[in-house]
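Scroll down for the structure; my scribbles are underneath it.
Residue numbers count from 1 along this sequence.
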Amino acid sequence: MTVWKTSVRNFFAHKGRMALSAVAVLLSVAFVCGTLVFTDTMNTTFDKLFTISSPDVTVSPKTSDDQGEQPDNGKPASLPASVIQQVEKADGVERAEGSAFSMAVTVVNSDNKNMGSDTGAPTIASNWTKNDLRSMEITSGHAPRGPTEMMVDADTAKKHKLKIGDELRAIAATGDLKARISGIASFTATNPGATVVYLDTATAQKHLLGAPGVFTQILVTAGSGVSDAQLKKNVAAALDGNAAYKLQTQQEAADANKDDMGAFLDVMKYAMLGFAGIAFLVGIFLIVNTFSMLVAQRTREIGLMRAIGSSRKQVNRSVLLEAVLLGIVGSLLGVAAGVGLAVGLMKMMSAVGMTLSTEDLTVAWTTPAIGLVLGIVVTVLAAYIPARRAGKVSPMAALRDAGTPADGRSGWIRAGIGLFLTAAGGAALWATTQADKATEGSMFLALGVLLTLIGFIVIGPLLAGVVVRGLSVVVLRLFGPVGRLAERNALRNPRRTGATGAALMIGLALVACLSVVGSSMVASATEELDKSVGADFMVQDGSTGRPIVPQAADAVRAVPGLEHMTDYTFVKAKITAPNGKTEDEGIVAADPTYQQDVRRTVVSGDLAKAYGKDAMSVGDGYAERHGIQVGDTITVAFKAGETAKLKVAAITSDDTNIDRGAMYTNLTTASSYVPADRMPQNVIMFAKAEEGKEKEAYAALKSAIAEYPVYKVQNQADFKEQLKDQIGQLLNIVYGLLALAIIVAVLGVVNTLALSVVERTREIGLMRAIGLSRRQLRRMIRLESVVIALFGALLGLGLGMGWGTAAQKLLALEGLEVLEIPWPTILTVFACSALVGLFAALVPAFRAGRMNVLNAIATDG
């Protein structure tokens, strides 16, 4: 009980000094709990929607793996309407109705603006059925009654300011349909962002499925007292167990959709938790520094406790109990802040088009439990070493001045271990650059990153003595005696400076590494485009990769001023090599002009002949694996058609980033084995302008597809800019997540300075007494902060560039061979680190400047 009372008294006596450490715990726990609440809420939202919208039993074609699959030809797999009559004969069926829906649809308004979501949510077109009343209600107007009417969901209508009577155009593989809005339907559950339009049944069959009398699904409702499982058995019996159909209960259909969505949510959740882990790691340095300095400042107090009978274990336990209190307070606040963060993320997602209602806010009991356990455990572990150090304080320490740094010089053993780990990590990174396979090299890279990071942390005090002196020559010596004082303050406790700088080092190392990788990817892709792409223009859906509908492709082909136009698609097939081994590879089917559009290095044979009748090419990797030579015959079983025997006319090099490992055949050859109505649509189209007519052709192509806003015409400059923007956006998201770790690191600098000022109260008073002005004192503390921040930045950026360079060597094995160091980004980050140091010193410097000189001198250190 005495130990507990002592711990509580000390905790509240130093609550101001604990505050920033508590904030670090709060932020880290909040990010973990916010991530869990946010993803759990998204799961709840989708679960409710999938469950409420699914019928009791669904009958669909066996070729569909799930309800959302769309064949490459843009026409969903279908079953005959006669199945409805068969299903209706099953016992326990109250109602069976056909659903004709498609997700390969684009809906635009009268200004050709896409009504689809910007977040990647699908656009769904369907006929209106009674089953839709499970999840929708018509709140305005009426359901469509003919080919000139269309109903739209309320969220889309609100977002795009649509009203009854407005004209919309639905673009599908079977053609374009213009219709006016006849009604608006609202979701009874939360709509996460999908755009939904409804047509009448006949129009949906003709326009979405391309034929009358067919449906994509049969939706079956159970009669009173009939379970879904029993209904499924009855329907299966009514269909005579026909293997062409797949039957799912409501729960099975919902679970299938949940699994697909869950995979995406899991990736997002674990990525965000990974960044939370980095924040926790950085927070450990802050907590270690805080408790180390508190123990040092309470040396006399602890010595007196030992002198009056407190044992080492009691002192140790007292400090650890303070850490427990800190962990509890920070974690409880963090859990509450995490819920607020989740709500903020939901509002942000709603603002960009993914609607998430706070009514579905899900806080599982495990979330606060995980937050509390993580926060307390991490805090106690971080405080363990300072607690042990406190336990070793002898009773004689009561006779010494408090705050005397017992760890002013790093031990040789620590330095030796750190150098060994760093050398081992450097060797692993070097091995990464020498690897012949990416899988082998990735293991060396992970090991190298881990060992060098730990090594730099361990030898931080040793590096602090060297690097801070070097930085001081450039930065601090310019400020005369005040600069020299700042340098000595930063060097008086190398272990503390090393730990403070290491916290900043971790975040900036990741920033530098990703910057190098991102810049190298852009530079490599740009070089590859310049070297390999001969086409002037590319037409494609650059956001979702959706195939090009026939009417848009026809509009592109009709553009004048083109030397040639190339169709390019991918046909799913199982490829069987002469050695009998089968792989699910697929094959690229393109016009012969594709050789000019994308230049490929030929290892053997003649690529032009690969576009001849019943001929193909293979990559040298595939050829090497299966011992294939030019002239061999390969069996290609087209999944949407017949099986072909194709002769290998060329073997191409896989030393490329474009179409790496691709097999080519003529579009005509593929079409002779795949029925026209099942042939995949173009994935991309290439165009070459006539000599001197590039500008005219570019404008004409853009004009030709203006009515199809999902597709873009890009020249090589456009494509490079898009690639740069995409990687830049991804990096910005990562930088934003890493900002949490950097904020915690900044708090560490603030806390170190604040506690350092308290520790040096008497010293500061004496310096003021002998003539140091308040302005000079504040400048000294600011300069100390700047040099610590620059020390952490220098280590982090150097380490990150090393990681990024090694990672780029792995990318080179995948065709991304250019290494580019983004010096503007690196130098900007380094300069901003100085500003971070200045910002971190504002409050400690202000407090130091306001000290009363006499009171400071009289302070019992």
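For Asp255, the salt bridge (charged side-chain N to carboxylate O under 4.0 Å, His left out) test picks out Lys258, with sequence neighbours left out. In terms of the side chain to side chain donor-acceptor pair (under 3.5 Å) criterion, residue partners of Thr106 (sequence neighbours excluded) are, by chain and number, Arg546. Under the rule for a side chain to side chain donor-acceptor pair (under 3.5 Å), Tyr270 has no partner lying at least two apart in sequence or in another chain.
Across Val37 and Ala342, no two heavy atoms sit closer than the pair CG1-CB, 3.4 Å. Nearest approach of Ala807 to Val517, heavy atoms of both residues: CB-CG2, 3.8 Å. For Ser126 against Leu208, the heavy-atom pair with the smallest separation is N-CD1, 4.0 Å. Minimum heavy-atom separation, Met103 to Pro122: CE-CB, 3.4 Å. Leu26 and Ala337 get closest at one heavy-atom pair: CD2-CB, 4.1 Å. What you find for Ala383 and Ile287 is that their closest heavy atoms are N-CG2, 4.4 Å.
In the displayed structure, Glu359 atom CD is contacted under 6.0 Å by at most 12 heavy atoms of other residues, nucleotides or ligands. No more than 12 heavy-atom neighbours from other residues, nucleotides or ligands sit within 6.0 angstrom of CZ on Phe839. Within a 6.0 Å sphere centred on OH of Tyr384, heavy atoms belonging to other residues, nucleotides or ligands number 12 at most.
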I'd like a table of donor-acceptor pairs (distance under 3.5 Å, sequence neighbours excluded) in which one partner is a side-chain atom from residues 500-513, with atom names and distances.
from	atom 1	to	atom 2	distance (Å)
Thr500	OG1	Asn289	ND2	2.6
Thr500	OG1	Arg496	O	2.9
Thr500	OG1	Thr752	OG1	3.0

Hey, can you pull the donor-acceptor pairs under 3.5 Å for the side chains in residues 364-371, sequence neighbours left out?
none

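Between Leu799 and Leu795, the closest side-chain pair of non-hydrogen atoms is not below 4.5 Å. Two residues are said to be in side-chain contact when any heavy atoms from C-beta on lie closer than 4.5 Å; Met136 and Phe187 meet this criterion. Proximity of Leu429 to Leu447: side-chain heavy atoms (C-beta onward) are nowhere separated by under 4.5 Å. The side-chain heavy atoms of His160 and Lys113, taken from C-beta on, include a pair separated by under 4.5 Å. When side chains are defined from C-beta on, Leu332 counts as touching Leu372, because their heavy atoms get closer than 4.5 Å. Phe275 is not listed as a side-chain neighbour of Thr35, based on a closest heavy-atom distance of 4.5 Å or more. Proximity of Val339 to Leu361: side-chain heavy atoms (C-beta onward) are separated by under 4.5 Å at one or more points. In this structure, Thr195 and Ile124 have side chains that are not in contact, with every pair of non-hydrogen atoms separated by 4.5 Å or more.
For residues 723-750, no residue pair satisfies the salt bridge (Lys or Arg N to Asp or Glu O under 4.0 Å) rule, not counting sequence neighbours.
Under a 3.5 Å cut-off, the side chain of Gln250 and the backbone N or O of Ser54 do form a donor-acceptor pair. No donor-acceptor distance shorter than 3.5 angstrom exists from the side chain of Ser28 to the backbone of Val25, with no hydrogens or angles considered. Ser60 places no side-chain N or O within donor-acceptor distance of the main-chain N or O of Gln217, the cut-off being under 3.5 Å. The backbone N or O of Leu445 sits less than 3.5 Å from a side-chain atom of Thr432, completing a donor-acceptor pair. Of the possible donor and acceptor atoms, one in the side chain of Tyr711 sits under 3.5 Å from a partner among the backbone N and O of Pro547.
Salt-bridge formation is detected for the pair Asp360/Lys48: a Lys NZ or Arg NE/NH1/NH2 atom is positioned less than 4.0 Å from an Asp or Glu carboxylate oxygen. Salt bridge annotation for Arg134-Asp56: present, with a cationic side-chain nitrogen under 4.0 angstrom from a carboxylate oxygen.
To the nearest 0.5 Å, atom CG of residue Leu36 and atom CE of residue Met272 are 9.5 Å apart. Rounded to the nearest 0.5 Å, atoms CG (Leu281) and CD1 (Ile457) are 6.0 Å apart. Rounded to the nearest 0.5 angstrom, Leu321 CG and Leu326 CG are separated by 12.5 Å. If you take CG on Asn127 and CZ on Phe101, they are separated by 10.5 Å, rounding to the nearest 0.5 Å. Atom CG in Leu219 sits 12.5 Å away from atom NZ in Lys130 (nearest 0.5 Å). Atom-to-atom distance recorded for Gln540:CD and Phe719:CZ is 5.5 Å, nearest 0.5 angstrom.
Ser53 and Ser135 form no side-chain donor-acceptor contact under 3.5 Å, judged by distance and modelled atom types alone. For the 3.5 Å distance criterion, the side chains of Asp132 and Thr129 qualify, holding a donor opposite an acceptor. In the model, Thr139 has a side-chain atom that pairs as donor or acceptor with a side-chain atom of Ser186 under 3.5 Å.
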Determine, stepwise, if the pair Asp228 / Gln251 fulfils side-chain contact (heavy atoms from CB on, under 4.5 Å). CA-CA 9 Å; Asp228 291 357; Gln251 192 60 51; over 6 Å; no
Applying side-chain contact (heavy atoms from CB on, under 4.5 Å), run through Phe38 and Met268 and close with a yes or a no. CA-CA 10 Å; Phe38 178 65; Met268 181 175 67; 3.8 Å; yes
Report the C-alpha distance between Glu252 and Lys232 in whole Å, list the side-chain angles of each, state the deciding distance to 0.1 Å, and finish with yes or no for side-chain contact (heavy atoms from CB on, under 4.5 Å). CA-CA 11 Å; Glu252 288 171 343; Lys232 178 180 175 181; 2.9 Å; yes
Give the C-alpha distance, both sets of side-chain angles, the deciding distance and a yes or no for side-chain contact (heavy atoms from CB on, under 4.5 Å) between Ile138 and Ile184. CA-CA 6 Å; Ile138 300 175; Ile184 295 175; over 6 Å; no
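Exactly one residue among Val152, Leu162, Val108, Val197 makes a side-chain contact (heavy atoms from CB on, under 4.5 Å) with Met115. That residue is Leu162.
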